[in-house]
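Each remark here refers to the structure printed beneath this line.
On a predicted model such as this, the values are computed, not experimentally measured, just so you know. The chain is numbered in sequence order, starting from 1. These values consider heavy atoms only, across backbone and side chains, with no hydrogens, waters or symmetry-generated copies.
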Amino acid sequence: EQAILNLLNNAIKYSKTDRIDITTKMEKGTIKMSIRDYGVGIPKEHLPRLFEHFYRVDKALSRDLGGTGLGLAIVKNIVKLHNGEIYVTSDNGCEFIIEIKA
């Protein structure tokens, strides 16, 4: 629950539109959940470090919107505790995909 709330809060915070897509599906014994926003996106060079503790892509924007830089690190740790993986893509917004074996 906490991982999903963190991802939703980020999607709401950084989206420039009223649209956020949430999908879930079962595929080959794996639960896949996707949360996608249509906001500012994340430059490709920041993606490898995105789940590090206290890492912020845009410090000025983060300061204005609040946050500690821990939300995505917490998400990754929760997903790993459930033997899952998390992925992110950034193209016209961001999409976070969680995969956990059922």
Is there a donor-acceptor contact under 3.5 Å from the side chain of K44 to the main chain of S90? yes
Any non-hydrogen side-chain atom of M33 less than 4.5 Å from a side-chain atom of V79? no
Heavy-atom pair of closest approach, residues I78 and Q2: CD1-CB, 3.8 Å
Qualifying salt bridge (Lys or Arg N to Asp or Glu O under 4.0 Å) pairs with a residue from residues 78-98, counting only residues at least two apart or across chains: none
Indicate, with yes or no, if I22 and I4 share a hydrophobic cluster defined by side-chain heavy-atom contacts under 4.5 Å among Ile, Leu, Val, Met, Phe, Trp and Tyr. yes
Quick one: do H46 and V88 satisfy side chain to side chain contact (heavy atoms under 4.5 Å, CB included)? Show the steps, please. CA-CA 11 Å; H46 293 280; V88 60; over 6 Å; no
Give a yes or no on whether I74 and F54 share a hydrophobic cluster (residues Ile, Leu, Val, Met, Phe, Trp, Tyr; joining criterion: side-chain heavy atoms under 4.5 Å apart). yes
If you measure from OG1 on T24 to CD1 on I35, what distance do you get to the nearest 0.5 Å? 10.0 Å
Say whether L5 and I86 are linked into one hydrophobic cluster, either directly or through other cluster members, by side-chain heavy-atom distances under 4.5 angstrom. no
Of all heavy-atom pairs between A11 and D37, which one has the smallest distance, and what is that distance? CA-OD2, 3.7 Å
Is there a path of hydrophobic side-chain contacts, each under 4.5 Å between heavy atoms of I, L, V, M, F, W or Y residues, that connects I100 with F51? yes
Within the structure provided, determine whether Y38 and D21 are in side-chain contact (heavy-atom separation under 4.5 Å). yes
How close do G41 and C94 get, heavy atom to heavy atom, and via which atoms? CA-SG, 3.8 Å
When clusters are formed from ILVMFWY side-chain contacts under 4.5 Å, directly or step by step, what else is grouped with M26? I31
Roughly how far, to the nearest 0.5 Å, is the CD atom of E99 from the NE2 atom of H82? 15.5 Å
Evaluate the side-chain proximity of L72 to L7: yes if any heavy-atom separation is below 4.5 Å, no if none is. yes
Quick check against the 3.5 Å criterion: does N6 have a side-chain atom that pairs as donor or acceptor with the backbone of G71? yes
With a 4.5 Å cut-off on side-chain heavy atoms, are I42 and Y14 touching? no
Could you tell me whether the side chain of N10 reaches within less than 4.5 Å of the side chain of V75, counting heavy atoms only? no
Evaluate the side-chain proximity of F96 to L50: yes if any heavy-atom separation is below 4.5 Å, no if none is. yes
